[in-house]
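Residue numbers run from 1 in the order of the sequence given.
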Amino acid sequence: MARKSKPKLSETPPPEELEPEIPLETYVDDDISDLESLSLESELPESETEEELTEEGNEEKKLGIRQIIILSALGFFSFLLFIIVTFPLNETVRTILYGISRESGIVIDSKEINVSILGEKSFESIVIQFPNGLFLKSDELHINTSLVALWDAKIDGDLVANFLRLEFSDLSLFWKEVRIASKLTGLEDKATRWTGEIELDWRDGKINDSPEYPLVGSLKGREFKRGNLILKIRSGKAIIEKGTIDSSIAKISISGSIRLLDKVLQSQLDLKLCALLTEAFQVERPDLAGMVTLLPQENGRVCVPIRGSLQSPKLELPNLGAGSAPALQD
């Protein structure tokens, strides 16, 4: 009999090798470390953003402060400009002139006053009358000087008087234009402490009325076309550096000095006047042309001293006596 063979058991494949089990705590620790790293990575841009925001905030704050300063300065200067433009300087000046008139007895009045702090000052139909009777009137008076300088007792500018008339006693003079350029300091003190320079120019002058003077008689109708006078003031003296007058009678030059006193009209004169008579006047007054030959001569010109004071000048005429102008009493 055939041997029955035992049935073969089917071979089962070997079981796959299982990975070792990882404890749950390990997964938890890994997740926590991942979260921490993510949080650190997210915190870095946030800190950078905060710094950027802080810098921007500081810049905005600086800009804000700068804008505030600029706006404040603009506001202040706008307010100052408004005050300058609207301040009633004209009436203020009129009030000041009225106060001067009351204190000094010198009457100063003007029909119209136009005063600007930064610009020119003008007076229309201005009249100045002194207690001694001296009268000045100008149709237009323009002053170009700083009010700040005047407040500080200084003068640095020009004065132009159009159609100026001077009257005193029997003397009446007229100028179409008189220009005075001056630079003076120390005006708050007495005249003996003044320092500076004055230049006086005039044109188209005429004597409208005149008293009788020794030798020449009346000067009514005589013209003095142009004139220039430069004074240097220092150490209580006014020194005439240049003085010329071109008149219808003679061409005149003046030199010398004026010793200033506290009362200006009493200042003492030490001057020399030299004159060369015009041909027309010599023909008109041959008697006077002969007389002047008796006076001292320098370079063909008659030269005589002038003494006395500003209010009462005296023309010393050797061999012919002395003449004096009308006195300007205090």
Side-chain angles (χ1 to χ4, degrees), residues 80 83-84 87 89-90 92-108 110 113-123 126 128-132 134 136 138 140-162 164 166 175 177-202 227-244 254-271 306 308-311 313 328 330:
L80 186 61
I83 293 295
I84 292 173
F87 192 77
L89 284 174
N90 300 343
T92 302
V93 171
R94 191 181 294 277
T95 303
I96 293 172
L97 294 179
Y98 179 73
I100 293 173
S101 300
R102 290 187 60 184
E103 293 178 4
S104 63
I106 302 173
V107 179
I108 305 175
S110 178
I113 299 175
N114 297 303
V115 178
S116 170
I117 289 180
L118 303 177
E120 191 177 61
K121 298 84 186 166
S122 64
F123 301 81
I126 184 170
I128 305 174
Q129 188 168 359
F130 295 83
N132 57 17
L134 179 64
L136 290 170
S138 176
E140 293 179 347
L141 179 66
H142 300 273
I143 301 175
N144 186 14
T145 188
S146 169
L147 289 178
V148 176
L150 289 175
W151 185 265
D152 199 24
K154 297 177 183 179
I155 295 179
D156 187 1
D158 300 332
L159 180 150
V160 179
N162 296 323
L164 176 66
L166 179 151
W175 295 269
E177 181 182 272
V178 175
R179 182 182 298 271
I180 302 174
S182 58
K183 189 173 184 179
L184 293 174
T185 60
L187 298 180
E188 76 278 10
D189 293 325
K190 297 177 181 179
T192 52
R193 296 182 178 273
W194 294 355
T195 303
E197 179 179 340
I198 299 175
E199 182 173 1
L200 173 66
D201 287 285
W202 70 79
N228 177 255
L229 184 68
I230 298 177
L231 292 171
K232 297 282 188 179
I233 302 174
R234 62 176 66 90
S235 302
K237 274 191 175 183
I239 301 170
I240 299 178
E241 288 201 341
K242 179 182 179 182
T244 58
I254 303 173
S255 60
S257 64
I258 304 170
R259 185 167 62 87
L260 298 174
L261 298 177
D262 295 340
K263 292 186 177 181
V264 179
L265 290 179
Q266 294 179 1
S267 298
Q268 298 298 301
L269 304 178
D270 185 12
L271 306 175
I306 302 175
S309 63
L310 282 176
Q311 68 179 4
L328 299 176
D330 289 332

* Asked: How far apart are the closest heavy atoms of Pro313 and Ile306, and which atoms are they?
  -> CB-CG2, 4.3 Å
* Distance, nearest 0.5 Å, that separates CD1 of Ile198 from CG of Leu159 -> 11.0 Å
* Asked: Tell me, do Ile240 and Ile230 make a side-chain contact under 4.5 Å, heavy atoms counted?
  -> no
* Structure fact -> Smallest heavy-atom separation, Phe130 atom then Leu136 atom, equals CE1-CD1, 4.1 Å
* To do: Might you work through the side chain to side chain contact (heavy atoms under 4.5 Å, CB included) test for Thr192 and Asp262, ending with a clear yes or no?
  => CA-CA 6 Å; Thr192 52; Asp262 295 340; 3.6 Å; yes
* Write down the atom of Ser309, the atom of Gln268, and the distance for their closest heavy-atom approach. => CB-NE2, 3.9 Å
* Asked: Quick one: salt bridge (charged side-chain N to carboxylate O under 4.0 Å, His left out) partners of Asp158, sequence neighbours excluded?
  -> none
* To do: Test Leu200 against Val178 for side chain to side chain contact (heavy atoms under 4.5 Å, CB included), laying out the working first.
  => CA-CA 7 Å; Leu200 173 66; Val178 175; 3.5 Å; yes
* Contact summary for Leu310 and Val264, nearest pair of heavy atoms -> CD1-O, 3.3 Å
* Determine, stepwise, if the pair Ile143 / Phe123 fulfils side chain to side chain contact (heavy atoms under 4.5 Å, CB included). => CA-CA 8 Å; Ile143 301 175; Phe123 301 81; 3.7 Å; yes
* Asked: Thr244 side chain to Gly227 main-chain N or O, any donor-acceptor pair under 3.5 Å?
  -> no
* To do: Supply the atom-to-atom distance Leu231 CG to Ser257 OG, rounded to the nearest 0.5 angstrom.
  => 10.5 Å
* Should His142 and Lys121 be marked as a side chain to side chain contact (heavy atoms under 4.5 Å, CB included) after you check the CA-CA gap, both sets of side-chain angles, and the distance that decides it? -> CA-CA 6 Å; His142 300 273; Lys121 298 84 186 166; over 6 Å; no
* Asked: Under a 4.5 Å cut-off applied to non-hydrogen side-chain atoms, are Ile258 and Ile239 in contact?
  -> no
* To do: Could you tell me whether the side chain of Trp175 reaches within less than 4.5 Å of the side chain of Leu166, counting heavy atoms only?
  => yes
* Measure the CD1-OG distance between Ile113 and Ser122 for me, rounded to the nearest 0.5 Å. => 9.5 Å
* To do: State, to 0.1 Å, how close Lys237 and Arg259 come at their nearest heavy-atom pair, and which atoms those are.
  => CG-CA, 4.4 Å
* Could you give the distance from CD (Gln266) to CG (Leu260), rounded to the nearest 0.5 Å? -> 12.5 Å
* To do: State whether the side chain of Glu199 and the backbone N or O of Glu197 hold a donor-acceptor pair below 3.5 Å, judged by distance alone.
  => no
* Within a strict 4.5 Å, meaning less than it, do heavy atoms of the Leu141 and Val160 side chains meet? -> no
* Structure fact -> Taking every heavy atom of Gly196 against every heavy atom of Leu184, the minimum-distance pair comes out as CA-CD2, 3.9 Å
* Asked: Has the side chain of Ser138 got a donor or acceptor atom that lies under 3.5 Å from a matching backbone atom of Asn162?
  -> yes
